[in-house]
Amino acid sequence: MPLFDKKPFSLLEPPKDLDSKEKVFQIRFTKEIFRDYEEYLKRLNLYRQRVWTCKISGKSNLTFEEALVSEHKAMEKAQNLPTELMAHVLRMTQYSTIGLHELVNKIYASLLEEVFEGIELHANKDGAVAPCKILKILDSGCTKMCEVGWIRQGKAVTNTSVIKAADLFYRRAPVSRNTLKIFIKDATSQSNPWVIHENLAKKFGISMDPPDSIMKKGRKRQEDGTIEDGRKRLKTDEEQAYVKYPIDDLLVRPNADDPALFKRPPLATDFRVPRCSVGDLLMVWDFCSSFGRALNLSPFPLTDLENAICHKESNVLLVEIHVAMFHLLMKDEGDYFTVVQNKKRKLKLSSVTWDEYLCDFLEMTKNEELSTNIATVKRVYYGVIDTDIKLKILRELVEEAIQTSAIREILSDRVDQKQVLNATKRENTRRDKQEQNLNTEIAMKKEENQTDAVQGGHEGVDELVRGKENDKSNISRSRTEGKRHLVRHLDTEIDKLSIRSSPLGKDRQYNRYWFFKCEGRLFVETADSREWGYYSTKEELDALMGSLNVKGIRERALKRQLEKFYNKISNALEKRSKDIANKMLLEEGVLRRSTRVRANPKDNPSMAFLKYVNKWKDN
């Protein structure tokens with residue numbers, strides 16, 4: 001977020017009780033919403049002034065939008081840091097106590113002096129300067145030697161030589177100071193001392209334990225009673241009593257008074273698709289489940305899609321999914337429709353011709369990784385394509401489908417309906433609160449005005465009063481139950497209108513947790529999105545919740561979300577467990593029957609996708 005006069009700046013929260021039909025004004029690049037046109041113009045004029053600073057690069061005298069663009073470009077530069085240099089930069093950064101400017105200069109100087117495997121430099125060859133790449137650093141006593149490969153045009157490595165490391169040099173620095181500065185800021189969670197993110201430390205084998213010098217310094221500060229205001233630093237157990245929680249999870253340190261946390265249960269990873277492709281699998285299934293009516297595609301379980309994708313032959317479920325997507329794209333009359341028209345194809349697909357339309361789509365994407373499979377599809381060998389490629393093709397289809405007018409209209413309608421239901425829920429809550437306050441006032445007045453006559457032997461009056469009280473109590477209870485039913489109904493309807501799934505939250509290591517309403521598993525995605533796992537039992541869910549440390553910002557928020565949806569998630573997990581038990585019994589029955597008679601492969605639950613029938617197909 002850009003800085004205002006070099007100070008942090010916060011965007012405005014959306015107006016409360018916003019009506020879906022209300023006319024509002026929105027700033028394009030911040031998405032802030034205003035009811036008042038004058039306030040909108042005032043804010044817009046502020047963003048147009050050259051008082052903004054790029055938070056990452058430090059460039060000043062920018063408009064707000066220019067500062068946003070600058071931050072985006074700066075982040076792209078940081079990502080261009082050669083992988084071969086990352087470990088060295090991170091090791092020099094970890095627990096360094098010097099300022100950013102001094103740290104950048106120190107690392108920059110060391111990069112010019114050191115050599116690293118995989119880096120391209122220059123050296124003298126046959127009397128001329130030639131580019132080369134370090135293939136291996138050799139240990140040869142006092143003199144550091146390197147095996148290099150000489151680079152020709154096109155980056156091709158030809159013959160190799162062994163030369164002294166001291167004879168290698170850069171024609172230009174391998175990385176700029178500004179890129180180092182951005183990378184260090186992005187890779188660290190605190191700056192005094194510098195501490196890198198735990199996932200990076202784990203990836204590059206860097207210890208997260210602070211060195212003795214840091215710990216001694218912290219203890220000395222405590223003994224001296226000195227506190228550095230406004231600076232984050234490591235704290236001993238005694239100092240943690242003064243910390244205001246929650247704080248960033250990576251800064252949380254164990255304390256003797258902390259309640260015991262559960263051991264986090266291990267994740268199941270028995271996916272049939274590659275673990276790096278699980279995200280694509282979930283994306284495709286979630287889209288088909290959410291927009292089945294628009295696609296004319298009846299629902300199917302996630303396991304059926306996974307088994308169908310891994311099947312080495314074309315099958316009805318995958319054919320129906322592709323056909324539904326192609327029909328949607330053609331109805332939209334966009335780029336794909338133009339391609340199909342130019343090929344003079346019919347606008348009605350069939351299970352026989354669908355592969356021709358798939359080839360057209362692959363040509364349109366201009367994605368080399370995908371288009372290289374066109375020949376395989378044309379030879380009717382779609383089934384033998386690698387599983388991850390099949391999922392990438394489907395992901396491309398989903399991304400195209402999301403842009404169609406039909407899907408956009410559905411999304412817009414659901415947003416409007418959701419806003420109306422939320423407004424109804426808020427109004428109902430407001431009325432309940434008013435009624436509750438009114439009942440409290442009536443009860444207090446009644447208690448004040450109550451006479452001694454009711455208590456002093458007038459039993460008939462006493463019974464009459466009690467009878468009226470019971471009647472009122474029954475009426476109140478009936479109203480309360482009715483209101484609870486209404487709230488549950490509104491929550492159910494709002495849940496139905498959910499546009500797309502989003503993670504419940506993140507844990508200490510930035511792993512994301514996902515729950516899909518039609519799938520009885522809690523999925524976990526690593527911070528780099530390369531690995532997935534899941535929890536599938538109520539016991540695992542309970543253990544996970546017991547392992548979250550609420551002193552950390554991320555794990556506190558995640559635990560609250562898991563508590564909020566606990567009943568829904570635990571019920572889904574238990575239902576899936578029962579379904580799996582029934583499935584195993586069914587498989588045993590098929591196995592026993594197959595020893596007597598030849599069983600139909602489709603009777604095996606793992607091949608259930610072969611029996612898929614699209615009940616919503618538009619004929």
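Between the side chains of T303 and R272, no donor-acceptor pair is found at a separation under 3.5 Å.
A salt bridge is defined here as a Lys NZ or Arg NE, NH1 or NH2 lying under 4.0 Å from an Asp or Glu carboxylate O, and D249 with K506 fails to meet this definition. We find that E531 and R275 are joined by a salt bridge, their nearest charged nitrogen and carboxylate oxygen being less than 4.0 Å apart.
N315 places a side-chain N or O within donor-acceptor distance of the main-chain N or O of A308, the cut-off being under 3.5 Å. Under the 3.5 Å distance criterion, the side-chain polar atoms of S570 are matched with a main-chain donor or acceptor of N567. The backbone N or O of L370 lies less than 3.5 Å from a partner atom in the side chain of N373, making a donor-acceptor pair.
Residues D19 and K21 approach most closely at OD1-N, 2.8 Å, considering heavy atoms. Residues L504 and L522 come closest through the heavy atom pair CD1-CD1, 3.8 Å. Residues C310 and V273 come closest through the heavy atom pair SG-CG1, 3.8 Å. Nearest heavy atom pair, residue H327 against residue L349, reads NE2-N, 3.4 Å. When all heavy atoms are compared, the tightest approach of T387 to P274 is CG2-CD, 4.0 Å. P246 and V550 make their closest contact through CB-O, 4.1 Å (heavy atoms, listed as atom of the first residue, atom of the second, distance).
Interatomic distance, CZ of R554 versus CG of N511, reported as 10.0 Å (0.5 Å rounding). Atom-to-atom distance recorded for L317:CG and H322:NE2 is 10.5 Å, nearest 0.5 angstrom. One distance of note links CG of L302 with CZ of R576; it measures 8.5 Å at 0.5 Å rounding. In this structure, the separation between CD1 on I407 and CG on L328 is 5.0 Å, given to the nearest 0.5 Å. Atom OG1 in T404 sits 9.0 Å away from atom CZ in F291 (nearest 0.5 Å). For the atom pair CZ (R508) and CG (L548), the distance works out to 12.0 Å, reported to the nearest 0.5 Å.
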Residues Y40, I27; criterion side chain to side chain contact (heavy atoms under 4.5 Å, CB included); working and verdict: CA-CA 8 Å; Y40 162 77; I27 294 177; 3.7 Å; yes
Side chain to side chain contact (heavy atoms under 4.5 Å, CB included) between W285 and F300, worked out: CA-CA 8 Å; W285 174 77; F300 47 85; 3.7 Å; yes
Side chain to side chain contact (heavy atoms under 4.5 Å, CB included) evaluation trace for K331 with S405: CA-CA 9 Å; K331 285 179 184 176; S405 57; over 6 Å; no
Salt bridge (Lys or Arg N to Asp or Glu O under 4.0 Å) between R264 and E555, worked out: CA-CA 13 Å; R264 192 156 302 178; E555 295 205 346; 3.2 Å; yes
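For K575, the NZ atom sits in a loose shell: 12 or fewer heavy atoms of surrounding residues, nucleotides or ligands are nearer than 6.0 Å. The environment of CD in E563 is crowded: more than 12 heavy-atom neighbours from other residues, nucleotides or ligands sit within 6.0 Å. Within a 6.0 Å radius of OH in Y566, other residues, nucleotides and ligands contribute more than 12 heavy atoms. More than 12 non-hydrogen atoms from other residues, nucleotides or ligands lie less than 6.0 angstrom from CZ of R430. The 12-atom threshold is exceeded at CD of E427, counting heavy atoms of other residues, nucleotides or ligands nearer than 6.0 Å. Residue-environment remark: CZ (R530) stays at or below the threshold of 12 foreign heavy atoms within 6.0 Å. Around the CD atom of Q436, the shell of radius 6.0 Å holds no more than 12 heavy atoms that belong to other residues, nucleotides or ligands. No more than 12 heavy atoms of other residues, nucleotides or ligands shown are found within 6.0 angstrom of CG on D335.
A ring-centre distance under 6.0 Å is not found for Y357 and Y336.
Ring planes of H197 and Y510: perpendicular class, angle over 60° (limits at 30 and 60°). Ring geometry for Y534 against F271 counts as perpendicular: the plane angle is over 60°, on a 0 to 90° scale with 30° as the lower cut.
Of the candidates Y382, Y612, W354, L318 forms a side-chain contact (heavy atoms from CB on, under 4.5 Å) with just one, namely Y382.
Side-chain atoms of L397 and I321, non-hydrogen and from C-beta on, never get closer than 4.5 Å to each other.
Partners of K392 according to the salt bridge (Lys or Arg N to Asp or Glu O under 4.0 Å) rule, which considers only residues two or more places apart in sequence or in another chain, are E369. Annotation: salt bridge (Lys or Arg N to Asp or Glu O under 4.0 Å) contacts of E22 (sequence neighbours excluded): R35.
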